[in-house]
Amino acid sequence: MRYISTRGDVERITASQAIVRGIAPDEGLYVPEQIPPIPIPLEQFVKLSYKEMAFEILKLYLDFTDDELQYCVENAYSPENFDTPMITPLKSVGGYNFLELYHGRTLAFKDLALSILPYLMKVSVKKQGISKKIVILTATSGDTGKAALEGFKDVDGISIMVFYPNDGVSDVQKLQMTTQEGANTSVIGIHGNFDDAQTGVKNIFTDSEFKNEMEAQGYMFSSANSINIGRLIPQIVYYFNAYAQLVVSGGISAGDKIEFTVPTGNFGNILAAYYAKKMGLPISTLICASNSNKVLYDFFRTDDYDKNREFVLTMSPSMDILISSNLERYLYDVSKDPSTVKKLMGELKTSGKYSAMNNGMICGEYVTEEETLASIKKMFEMGYTLDTHTAVAFGAYEKYRRDNTGTMKNIIVSTASPYKFADSVIAAVKGKALSSGIGSMMDELSDMSGTEIPEQIKNLDKKEIRHKTVCEKSEMKGIVRDFVKKVAANS
Ligand SMILES: *Cc1c(COP(=O)(O)O)cnc(C)c1O
């Protein structure tokens, strides 16, 4: 399998090259030349374990030997990294199906890809014979940062720097990042929103002068954001695995079509579902759920993408995004024409908007803050606690079902543990939390829901804060330069 840029760069490169580079030199994103069909009939494929599925799917996309791939998969999906052997258990409550993607180290779906990315990166660096040290630059809307830090901490030859919006993440998310250990980690808040952080990081990636300066010192940049195909491809696996769990539980027969509802921000998670569909997973419709930053809802309804609007801070901060990077890969797939993608992305950069046809396979829905709270309350009364992002997906699904009658099975993709957003979850159920402070709110949520506080974040409020820097957008490059100096001094 070769990879090409969505914007027409002529070079065809291997997966290991694409993983190390992160983004293409023409600022496009790498995409596989074709999306391969699963090589095993679906009736048999659904019998495989999570790790076996991961192996079979990744094998189609990567230029890795079986041994290399086995090493990555075994280490990534180990009992140390996931608190259930199912990895991504499917829960059915009151006729709804929830795919719980939050059993990893940081309690968010990002763990599914970021527990394997460091291994993919290490193998890729070795395969490419690269002697430079890698500096991972990451922008986060809250969850990618922590998951990437956990994945890359203390990995030899790689250091990692994370930029997050200082006022745009939950208290738990912030504390998870600022207490991060590991000599090779750095966490920086910025005065700005996620789009500012993402744009700042992208600008550094494509600044060739800065790149040369770093290379002269023996360093090169890569990305742990979903612009890296090493993030995207491992996410395909859980869509197959979810389907398999429905078959095994008798909910469907292999071959039946189903729907997924995906709470969406940067469009990485739902794009993996779209790739799964193209690989042969029987999916009818994908429902793209947005919060009040409903730029994608408007796009799927009108074919007009327009980021010129107020950026709203919501209680589902990991979806507070107006520039959904991975939509570029979708536009490429729909148009199959890099010059069109290049033109549209140019328009996005200059005027903040573009118009493009989409193929009707994805349906947009959005949910207000009030509806998010109501969704949490409704499921809570049925005995199941949703986090705010999953609640957006649940609310979106209910709207979709109201407008589209049918009996098709739907899986609601559950992207975070409710404990990461305890204050909002309590507020949804009780109106207002009785307690304050992260520790006591988690206790309150545990009492009212009858669930255990996950080990992964117990005692979070007692950990030492190790990262305190907050900077302006314009200072990002200088901060990266200082970090590389510090890394060099320590090695
Ligand atoms: C990142 C994230 C999302 C959005 O996923 P995208 O791949 O960016 O669309 C949704 N929910 C949670 C909890 C997340 O961390």
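All ligand and atom numbering here is 1-based and tracks the order in the structure.
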Could you check whether any side-chain heavy atom of [X] comes within less than 4.5 Å of a side-chain heavy atom of [Y], counting everything from C-beta outward?
X	Y	answer
Phe163	Val480	yes
Asp111	Glu150	no
Glu181	Lys463	yes

Nearest protein heavy atom to [atom], by residue and atom, and its distance?
atom	value
atom 9 (O) of ligand 1	Gly265 N, 2.8 Å
atom 2 (C) of ligand 1	Lys110 NZ, 2.4 Å
atom 11 (N) of ligand 1	Thr415 OG1, 2.9 Å
atom 6 (P) of ligand 1	Asn266 N, 3.5 Å
atom 10 (C) of ligand 1	Pro263 O, 3.6 Å
atom 5 (O) of ligand 1	Phe109 CE2, 3.5 Å

* Asked: Is Asp195 salt-bridged to Lys307, going by a charged N under 4.0 Å from an acidic O?
  -> no
* **Tyr3-Tyr30 aromatic ring centre distance below 6.0 Å** => no
* To do: Provide the number and element of each atom of ligand 1 under 4.0 Å from a heavy atom of Asp143.
  =>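 Within the 4.0 Å cut-off of Asp143, ligand 1 contributes 12 (C), 13 (C), 14 (C), 15 (O).
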Does [X] reach ligand 1 with a nitrogen or oxygen that is under 3.5 Å from one of the ligand's nitrogen or oxygen atoms?
X	result
Ser141	no
Ala416	no
Asn269	yes

* For ligand 1, the portion of Met319 having any non-hydrogen atom under 4.0 Å away -> side chain
